[in-house]
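Below is one structure, written out as structure tokens, with a few remarks after it.
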Amino acid sequence: MNQQLLSQLNEAQRAAAAHMNGAMMVIAGAGSGKTRVLAYRIANLVQSGIDPFNILALTFTNKAAKEMKERIGKLVGDQEARNIWMGTFHSIFARILRIECDRINYPRDFTIYDTTDAKSLVKDIIKEMGLDDKIYKPGTVYNRISSCKNNLISPQDYLKDVDLIADDRQTGKPKMAEIYAKYDMRLFKSGAMDFDDLLFKTNVLLRDFPEVLHRYQHKFQFILVDEYQDTNFAQYLIVKQLGAVHENVCVVGDDAQSIYAFRGANIQNILNFRRDYPEFAMYKLEQNYRSTKVIVEAANSIISKNKDQIKKQVWTDNEQGQPIRVHKAATDNDEGNFVSNQIFITKQEKGAAFKDFAILYRTNAQSRAFEEALRKLNIPYRIYGGLSFYQRKEIKDLLAYFRLTCNPNDEEALKRVINYPTRGIGKTTLDKLVVGAAEREISIWDMIARSQEVGVSGAALNKIMEFVTMIKSFQVDLNLKNAYDLGHHIASHSGLLKDLYADRTPEGVARYDNIQELLNGMKEFSDRKELENSESIASLSDFLIDVALLTDADNVDDGDNDKVSMMTIHGAKGLEFPYVNIVGMEENLFPSQLSLNSREEMEEERRLFYVAITRAEKRATLSYALSRYRWGQLSYCEPSRFIEEIDEQYLEMPSAPAARTAPRGIDFSKERSGFSTGYSAPKPRAHAPQETPAPVSPPPNFKKVSAAAPTSGPGLFDNSPPATADQIQPGVEVMHDKFGKGKVLSLEGEAPDIKATIFFPSAGQKQLLLKFAKLKVL
DNA sequence: TTAGGCGCTGTTTTT
DNA sequence: CAGCGCCTAA
């Protein structure tokens with residue numbers, strides 16, 4: 001191995017990176033230089049004369065692929081690095097499917113449905129079948145279908161699977177198999193694949209077309225898989241098939257960081273690896289270079305509570321470091337203020353940059369309190385995950401036009417834009433077409449040509465034909481214009497740009513700007529592709545494939561990158577920050593209440609916590625709130641069990657009871673105006689009062705009297721607080737904002753969910769939840 | 001047909 | 001507190 005490369009690795013890393021032929025597995029503890037080893041091994045392969053075209057490197061996220069490519073580029077040059085097949089499972093196999101699609105009767109320009117499209121299709125099918133969508137919840141149904149695909153269970157297999165059928169019968173969803181079959185058929189008729197299909201169909205391709213299998217088996221002489229613990233069965237099998245000839249399969253992972261079991265990832269794959277390649281070489285990376293001793297050892301103490309794990313001892317030579325701080329806050333807003341203050345102070349004290357800080361939470365919904373708190377101190381931040389750029393309505397709308405142009409059978413795209421901007425094609429007309437198409441098992445686009453059969457005529461027919469003509473006019477340019485030029489053309493000629501321009505509200509302007517940004521992205525894309533391959537133009541469908549698989553916020557460069565990062569713990573995997581705040585450390589939040597049922601699920605939560613802690617280089621801070629608003633309602637919380645699970649010696653617990661700042665409802669700082677897009681850089685803002693001492697704790701059901709008080713009836717000027725729960729008793733006369741005077745007949749349920757049956761002379765008998773009804777006792 | 005209002009319901013995590 | 005779906009009024 002190249003001497004210079006060699007010198008930059010430790011012994012264990014070097015051994016793994018220098019490995020040439022034969023299967024190998026690297027078990028790499030957090031922060032042990034896993035990516036480094038992968039990059040160096042690839043660099044070593046290339047320097048040893050292996051053609052980059054013969055190397056396949058699979059990662060889990062776009063981010064990881066990009067980073068790896070850059071690192072390899074630095075080691076062996078960008079030219080070589082570019083030729084390596086490196087990317088996510090989904091993007092690599094989308095690329096291969098596109099080459100081979102005619103074998104499985106898919107159009108070359110097949111579209112990729114994102115989760116929203118897929119769920120929408122499921123929903124339509126459930127509706128068309130006349131099923132109750134309260135029993136067949138589209139999201140749940142979709143998840144089940146998804147997990148089938150990840151386990152390579154086709155609709156036909158499903159019908160034959162007694163266990164699945166029995167399970168469905170038991171849960172009262174006997175039509176599940178039928179929905180799955182219909183869903184699959186509809187995707188096919190639409191020339192579309194969902195995310196899972198990219199793996200499923202690849203397996204079909206490799207199974208049914210030996211010549212294809214052979215070609216790729218020989219092409220990919222070396223296969224490397226990152227984050228192997230997160231692969232599912234479909235991915236496992238692809239790797240196994242492709243690697244079967246050369247057996248130069250290298251997998252890298254950490255069982256302690258397996259956090260995607262919920263989506264079909266299977267630790268079993270690691271065991272299968274031993275079985276499939278009995279002669280494999282095993283390397284363990286146990287030295288952590290990222291974190292302090294405190295963090296490494298605390299993390300070890302956490303993960304040791306798990307039963308399922310591969311033995312390893314992660315250690316570090318780094319300094320001892322500061323203890324893990326635990327903070328108790330009174331409310332979720334206080335937690336936000338604490339974190340934001342700490343960031344402010346730490347930045348001063350340690351001379352750190354904003355980008356050295358991360359706020360990690362279990363669910364995306366938790367970000368709000370932190371956004372507000374950071375804004376108060378003018379701290380710049382960036383939220384990762386959540387609604388991505390490509391999921392915004394205006395972007396999806398324009399993309400739908402693109403999709404329809406490339407693939408007119410794309411049902412979801414068609415439904416999205418056939419009447420947007422409004423062109424007088426209403427629900428009735430569309431329904432006729434959808435039903436007709438479903439009956440004939442053809443696409444809606446094909447159904448349009450036979451509109452008369454389902455009674456679409458007159459004005460409606462004319463409008464539709466105009467629409468068809470427009471799309472066809474776009475199609476003419478598919479091979480003449482590049483993605484950018486055609487994209488621009490479509491944006492203006494579809495009427496979308498004009499429609500958005502008409503809206504002069506700040507939100508409307510933002511939407512218009514987003515479209516411009518998308519077009520800018522297309523320009524960049526087109527220029528780049530044409531630079532790489534000067535003989536052909538960058539087509540619109542190339543762009544669509546790229547975009548469909550680009551989910552996480554990859555467009556980081558908006559000039560100023562010194563920002564605090566906020567993201568879910570899942571999103572933080574693979575990243576590191578000097579200072580990490582893990583927030584919302586509460587029972588039922590983290591660990592999630594959905595994980596309380598089984599040991600396996602709890603262990604996954606614990607691994608998630610392990611991932612969170614090990615993101616920190618210098619210091620980790622845990623915080624929790626005693627009460628927080630959850631789905632619009634105050635609820636009380638207990639500290640997470642995970643706090644106790646950390647060996648005490650590494651902790652700095654709160655000494656005094658948390659200082660109580662203003663509870664929600666009378667917090668004057670909430671009077672701030674302005675709206676949040678939840679995305680853009682924070683705007684400079686006048687300093688709001690930091691902390692308002694709270695005179696008295698209001699009752700839990702305290703609600704500020706809104707400015708939009710009822711305009712008639714008694715109580716107009718009555719600003720007295722609403723009645724507390726114990727004042728409401730059967731027989732008591734009460735006053736309601738809308739229904740007026742009434743008499744309590746009975747009560748049921750327990751606080752805070754007490755429901756009262758009240759008779760109102762003006763409105764009749766009503767059942768009201770006390771926590772919502774602002775009742776006043778007369 | 002469309003827009004706007006009201007009431008219901010729901011919160012993991014992501015390619 | 002949202003976001004969504006359904007309903008109603010124009």
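The chains referred to below are lettered A, B, ... by the order of the sequence lines, with proteins before strands, and numbering in each begins at 1.
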Which nucleotide in the list dT14(B), dA3(B), dT15(B) gets nearest to the side chain of Asn364(A)? dT14(B)
Which is more 5' along DNA chain B, the nucleotide nearest Leu608(A) or the one nearest Gly426(A)? Just name the residue. Gly426(A)
The residue among Lys396(A), Lys123(A), Arg416(A) that forms salt bridge (charged side-chain N to carboxylate O under 4.0 Å, His left out) with Asp117(A) is Lys396(A)
From the candidates dT2(B), dA2(C), dT14(B), the one with an atom nearest any side-chain atom of Arg368(A) is dA2(C)
Taking the six-membered ring of Tyr384(A) as reference, does the cationic atom of Arg382(A) (NZ for Lys, CZ for Arg) lie under 6.0 Å from its centre and within 45° of its axis? yes
Could you tell me how the ring of Tyr183(A) sits relative to the ring of Tyr142(A): parallel (under 30°), tilted (30 to 60°) or perpendicular (over 60°)? perpendicular
Report which part of the nucleic acid Phe60(A) touches: base, sugar-phosphate, or nothing (heavy-atom distance under 4.0 Å, all strands). sugar-phosphate
For atom P, what is the distance between dT13(B) and dC4(C), given to the nearest Å? 15 Å
Distance, rounded to the nearest Å, where Phe262(A) contributes CZ and dT15(B) contributes P: 10 Å
Of the listed dT13(B), dT15(B), dT2(B), the closest approach to the Thr88(A) side chain comes from dT15(B)
Rounding to an integer number of Å, can you tell me how far Asp230(A) CG sits from dT13(B) P? 16 Å
Would you indicate which nucleotide in dG10(B), dG5(C), dT15(B) comes nearest to any side-chain atom of Lys137(A)? dG10(B)
Within the 4.0 Å heavy-atom criterion, would you say Asp196(A) contacts the bases, only the backbone, or no part of the nucleic acid? nothing
Closer to the 5' end of DNA chain B via nearest nucleotide, is it Thr568(A) or Lys427(A)? Lys427(A)
Whole-Å distance between dT14(B) C1' and Met567(A) CE? 14 Å
Looking across every strand, which nucleic acid part, if any, lies under 4.0 Å from Asp114(A) by heavy atom: base, sugar-phosphate, or nothing? nothing
Please give, in whole Å, the distance from dT13(B) P to Glu227(A) CD? 19 Å
Closest approach to the side chain of Thr61(A), judged atom by atom: which nucleotide of dT13(B), dT1(B), dT15(B) is it? dT15(B)
Please pick, from dT2(B), dC4(C), dT13(B), the nucleotide with the shortest atom-to-atom distance to any side-chain atom of Lys123(A). dC4(C)
Here the distance between atom P of dT14(B) and atom CG of Asp117(A), to the nearest Å, is 18 Å
Counting heavy atoms from C-beta on, name the nucleotide in dT15(B), dT1(B), dA2(C) closest to the side chain of Thr428(A). dT1(B)
Mind checking Tyr260(A) for me? I need base, sugar-phosphate or nothing, with any heavy atom below 4.0 Å counting as a touch. sugar-phosphate
Go through dA2(C), dT15(B), dC4(C) for me and flag the one nearest to the Thr115(A) side chain. dT15(B)
Is the cationic atom of Arg607(A) (NZ for Lys, CZ for Arg) positioned less than 6.0 Å from the six-membered ring centroid of Tyr610(A) and within 45 degrees of its normal? no
Flag the pair Tyr260(A) / Phe60(A) as yes when their ring centroid distance falls below 6.0 Å, and as no otherwise. yes
